[in-house]
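Note on naming: letters A, B, ... go to the chains in the order of the sequence lines (proteins, then strands), and numbering restarts at 1 for each one.
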2 protein chains.
Amino acid sequence: MNLKELADSLKLSPTTVSRALNGYPEVREETRNRVMAAAKAANYAPNIRARRLATGRAMTIGHVIPLTGRAEMVNPIFADFLIGAGEVYAAEGYDLLLSMVPETETEAAFRQMAANGAVDGVMVQAPQENDPRIGLLTELGLPFLVHGRTGDAQGYNWLDIANMRAFRRATDFLLDLGHRRIALINGQETFDFARRRRRGFEEALAARDIPALPHLMASDAMTESFGYLTAARMLDGPNPPTAFLVSSVILAIGVRRAAGERGLRMGRDISVICHDDELSYLNNDVGGPAFTATRSSIRAAGRRCAEILITLIRNPDHPPIQELWDVDLTVGRSTGPCPG
Amino acid sequence: MNLKELADSLKLSPTTVSRALNGYPEVREETRNRVMAAAKAANYAPNIRARRLATGRAMTIGHVIPLTGRAEMVNPIFADFLIGAGEVYAAEGYDLLLSMVPETETEAAFRQMAANGAVDGVMVQAPQENDPRIGLLTELGLPFLVHGRTGDAQGYNWLDIANMRAFRRATDFLLDLGHRRIALINGQETFDFARRRRRGFEEALAARDIPALPHLMASDAMTESFGYLTAARMLDGPNPPTAFLVSSVILAIGVRRAAGERGLRMGRDISVICHDDELSYLNNDVGGPAFTATRSSIRAAGRRCAEILITLIRNPDHPPIQELWDVDLTVGRSTGPCPG
DNA sequence: CACATCTTCCAAAGCGCTTTGGGTTGCTGT
DNA sequence: ACAGCAACCCAAAGCGCTTTGGAAGATGTG
């Protein structure tokens, strides 16, 4: 059943039926009701491919996930972010086009998207230092929003959390508890967020004239095993840390495993603070927070990012939107005074 | 730049340019090369919306994720599955349309998709008992593939792992080690996979005349905290289990936390077997498997599911494809003989 | 009553591609 | 020299919708 058939069955023109269905005013209320009823009865839904061609809008937003071959940076995070964004897209009538491409082909993927009109805008996640995607998308004229930021953070749209401030605060918290040998287990420092976190960490130490110890700093993809192996190595080495600051709950779980195997009790023998993205399947709050954590819901970020991007798509001349979210520090059972 | 302009610039008809670009034989090799070169030089990409309308194919596959409000069942699993499927889609030229809808609206979402022609087929995940989606999609005539299966598993396309066999084998393994009080921490038993796993568990016990103990069986969304709370409750209660069989690594991490807090060493004081989906950020293999586990890569399943679905879309009259994957049991450090 | 103004509807022209159903041209064999 | 046949190319008709630019009829105005 298409528009023409529906119109014929109603003895109306396709024009009128289209207008009735889309809420235009030039149609009598009674006619509109007739049309609506007939459409519903016939289980009619306008062909979305034809509509997209006719309107010139794709009503689709693209998320391009670069596949790196290693544990995808995106993986632990992107599911929740996607769900948050997807909720908003659905509510606003946008489709979500998810594109997995080898990292080397992301530029081609974006060029393709811009040229073939598959999407009205794209979401950019996990920017790296001087991320080429930002310049490229600007050049292509495709509306985009960056979750995170990089470079001077000027002239493009982004939403980010205050990573540096969060990690500075977390470090101060550990220092106040008397810890001096604090380890940092970070995400890959090609990513901007990880660099900022490290800087927050280092600044807090520097402010108290405490040297950052290279053997107590590590960074890589945020997997449980990386957290485990790193913590194990540090704990077994000379001058082991008394506290860990780690960039995700997943890493923290690895740290907990290493500590547990060595008979170290978290919050007593050893302290751990992590960044908690509030992943739905890793709730840190049941029975009081297990980990002391800087926290910020990645799903909420996804929702807000979607809202902003849709605003930008609807208002092409909108000035850049930049939003910085502050981060809570929640005290849990994984931290305590420095022993000894 | 559109096809007509490109054709004009080449002094050819749109027909010929279209054919040249799409690899049809009725065009001289020399002409084809000229067209290709011009297209590349002009950075031309055919408008995908127009192409979709003209061909009648969406070249898009839909994944509908029902939002339940609680920790989405899909969440821990679906990211890896999606990545696997997405790789194949990208390679085959299909787009992935991801649709998050409140659970109550999934039927409407499918009807919409079928009527408006947004997708050529859909992937169905995590089927429940007598899942209404199967009947609905059959009725709508939309090609679909179920990851998992339900009911009599007849007459529709699915790919599943041998859940029952896996859990029966895992239970036998624990029984052989001398364990008699074995706890089952399962996913929500509205899902078919969880029911099968429970049956495997129960059959193994029944085969040795060991009663299944209701207070040692629990099922809910597979979050870390559910694993933790349940294990804690069981361990603190009367007749605590000496072994746990759990439905995911995430649950197992919760169990490990509960055990750790009680000073119980895994593999010595207590045994744990889990099902390992080989999530990329929860690698169980680093330094030898931490958990004894039944394992099957969810990402590989995603890849294969995508392949099958594409086959079905390309061959509408293909007889049902049903694929059952066997599951390995990997022995790790989390199991040992029953103490005492 | 003539004229302007809404209100309500429609015909037709796109949107940018694919595809059907021919036409030309040049070559072969007789 | 001419029919027969490939090889190569094109005009035009869709695909199913939206949207422009009226037209017809109803209503108000001086």
ask   = Are Asp277(B) and Asp80(B) close enough, and set up right, to give a side-chain contact (heavy atoms from CB on, under 4.5 Å), and what steps lead you there?
value = CA-CA 9 Å; Asp277(B) 294 294; Asp80(B) 262 64; over 6 Å; no

message = Run Ser99(B) and Met113(B) through side-chain contact (heavy atoms from CB on, under 4.5 Å) and show every step you take.
response = CA-CA 10 Å; Ser99(B) 191; Met113(B) 279 189 177; 4.0 Å; yes

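Thr60(A) contributes a side-chain N or O that, together with a main-chain N or O of Ala58(A), makes up a donor-acceptor pair within less than 3.5 Å.
Contact annotation for Arg19(A): base contact, defined as any heavy-atom pair under 4.0 Å involving a base atom. Looking at heavy-atom distances under 4.0 Å, Thr15(B) makes contact with a base. Within 4.0 Å of Ile48(A), counting heavy atoms only, lies no atom of the nucleic acid at all.
Just one residue in the list Leu145(A), Val122(A), Val119(A), Leu309(A) forms a side-chain contact (heavy atoms from CB on, under 4.5 Å) with Ile61(A), and that residue is Leu309(A).
Applying the ring-ring contact (aromatic ring centres under 6.0 Å, His included) test to pairs two or more places apart or on separate chains, those with a residue in residues 94-153 of chain B are Phe81(B)-His147(B).
Checking Leu3(B) against Lys11(A), the closest nucleotide of DNA chain C that is more toward the 5' end is the one next to Lys11(A). Residue whose closest nucleotide on DNA chain D sits further toward the 5' end, between Arg32(B) and Ala54(B): Arg32(B).
Looking at heavy atoms from C-beta onward, Tyr156(A) lies in side-chain contact with Arg149(A) at the 4.5 angstrom threshold.
Proximity of Ser13(A) to the phosphate of dC9(C): no side-chain N or O atom is located under 4.0 Å from OP1 or OP2.
Under the 4.0 Å criterion applied to side-chain N and carboxylate O atoms, Glu87(B) and Arg303(B) are assigned as salt-bridge partners. Ion pairing between Arg111(A) and Glu107(A) holds under the 4.0 Å rule for side-chain N and carboxylate O.
Interface limits on DNA chain D: the 5'-most and 3'-most nucleotides within less than 4.0 Å of chain B heavy atoms are dC8(D) to dG16(D).
One can place CG of Leu10(A) at 15 Å from C1' of dC10(C), the figure rounded to the nearest angstrom.
Rounded to 10 degrees, the angle separating the terminal helix axes of the helix from dC1(C)-dG30(D) to dT30(C)-dA1(D), each built from five base pairs, is 50°.
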